[in-house]
Each structure stands twice: as structure tokens, then as C-alpha cells.
Novice: 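Mind having a look at this structure? Questions to follow.
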Amino acid sequence: MTNILIRNIPRKVIVRLDQQVAQLNAHRKNKLSRNDYIKLIIANKVDTELESYQRSKYEILLQHQNELGELEVELLKQILISFTTGKTTEAINLIENLPGLSDEKKESLYDQ
């Protein structure tokens, strides 16, 4: 482990830390030292920041997925309208623009 030395912490902060450790130790069998408590605070902060970052990335990915899904639904609506109104060529051109479809799947759409 690496040691970290922190200097010039205000006395009132140390008093508050000691109060929090005392409150925690009142309900614990294995008592925490001030040092252990500070290490827990640091570890928890790092974990929280990482979780927040990961959650943000996940939310952005989800938003992109939703937008892509909406675009695909709109494109499929246009294909359906084109087929039902007899605009087969237009529908085939729209099928070519469908993202993520293999050529085999596109060919099977033509046969329907």
C-alpha cells in the first residue's frame, strides 16, 4: 500500500471525523480507527465517482439506442407505406438503407 500524508487539516474537521467514528463504533463489534474510517471514505468516494461515470456512459449509450430504434421504426413505416402504395422500387431503396441488416436478410425482405 502507498502512504499518503495530509497536513494542515482544521481541528474542527478532525473533531467531526472522531465523532463520526465514535458513532459508527457504538454499533460495531470490530472498532474502526480514524485512519480506517478515512480510508473507507476515500475508497467510497473513488467507487462512487467510477459508478457515476459508468452510469453516465450507460445513459448516453441507452439514449443513442433509443434514437436509433426510433429512426429504424420510422424507416420501417416508410417501407411499409411504399410497399402498400405500390412504390416497390422506393421500398427496395429504403430497405437498402436499413442499418445492421445482412444482405441475406435484405434479400428475404424482397421475397415477401
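Scope of the values below: all heavy atoms of this structure, side chains included, with no hydrogens, waters or symmetry mates.
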Novice: May I ask you to test the Ile41-Leu17 pair for a side-chain heavy-atom distance under 4.5 Å?
Specialist: yes
Novice: Please tell me if the side chains of Ser33 and Asp36 come closer than 4.5 Å, counting only heavy atoms from C-beta onward.
Specialist: yes
Novice: To the closest 0.5 Å, what do you measure between CD (Glu72) and NZ (Lys77)?
Specialist: 13.5 Å
Novice: Would you please test Ile6 and Ile4 for side chain to side chain contact (heavy atoms under 4.5 Å, CB included) and show each step?
Specialist: CA-CA 6 Å; Ile6 303 172; Ile4 298 175; 3.9 Å; yes
Novice: Starting at CD of Glu90, measure out to OG of Ser82 and round the result to the nearest 0.5 Å.
Specialist: 3.5 Å
Novice: First locate atom CD1 of Ile79, then atom OG1 of Thr84, and finally report the distance between them rounded to the nearest 0.5 Å.
Specialist: 11.5 Å
Novice: Restricting to non-hydrogen atoms, name the atom on Val21 and the atom on Arg34 that form the minimum distance, rounded to 0.1 Å.
Specialist: CG2-CA, 4.1 Å
Novice: Looking at Lys31, is its backbone amide N or carbonyl O close enough to the side chain of Asn25 to form a donor-acceptor pair, meaning the two atoms are under 3.5 Å apart?
Specialist: no
Novice: State, without any angle test, whether Gln63 and Glu59 hold a side-chain donor-acceptor pair at a distance under 3.5 Å.
Specialist: no
Novice: Applying the 4.5 Å side-chain criterion to the ILVMFWY set and letting contacts propagate, would Leu40 and Leu24 be lumped into a single cluster?
Specialist: yes
Novice: Would Leu76 end up clustered with Leu80 when hydrophobic side chains under 4.5 Å apart are linked, directly or stepwise?
Specialist: no
Novice: Would a single hydrophobic cluster contain both Tyr37 and Ile42, if residues Ile, Leu, Val, Met, Phe, Trp and Tyr are joined by side-chain heavy-atom contacts under 4.5 Å?
Specialist: yes
Novice: Just verifying a value: how many Å separate Leu32 CG and Lys39 NZ, rounded to the nearest 0.5 Å?
Specialist: 10.0 Å
Novice: Within this structure, what is the CD-CD distance for the pair Gln78 and Glu74, rounded to the nearest 0.5 Å?
Specialist: 5.0 Å
Novice: Taking the side chain as C-beta and beyond, is there a heavy-atom pair between Asn44 and Thr48 under 4.5 Å?
Specialist: yes
Novice: Any chance you could measure Lys45, atom NZ, to Asp47, atom CG, to the nearest 0.5 Å?
Specialist: 11.5 Å
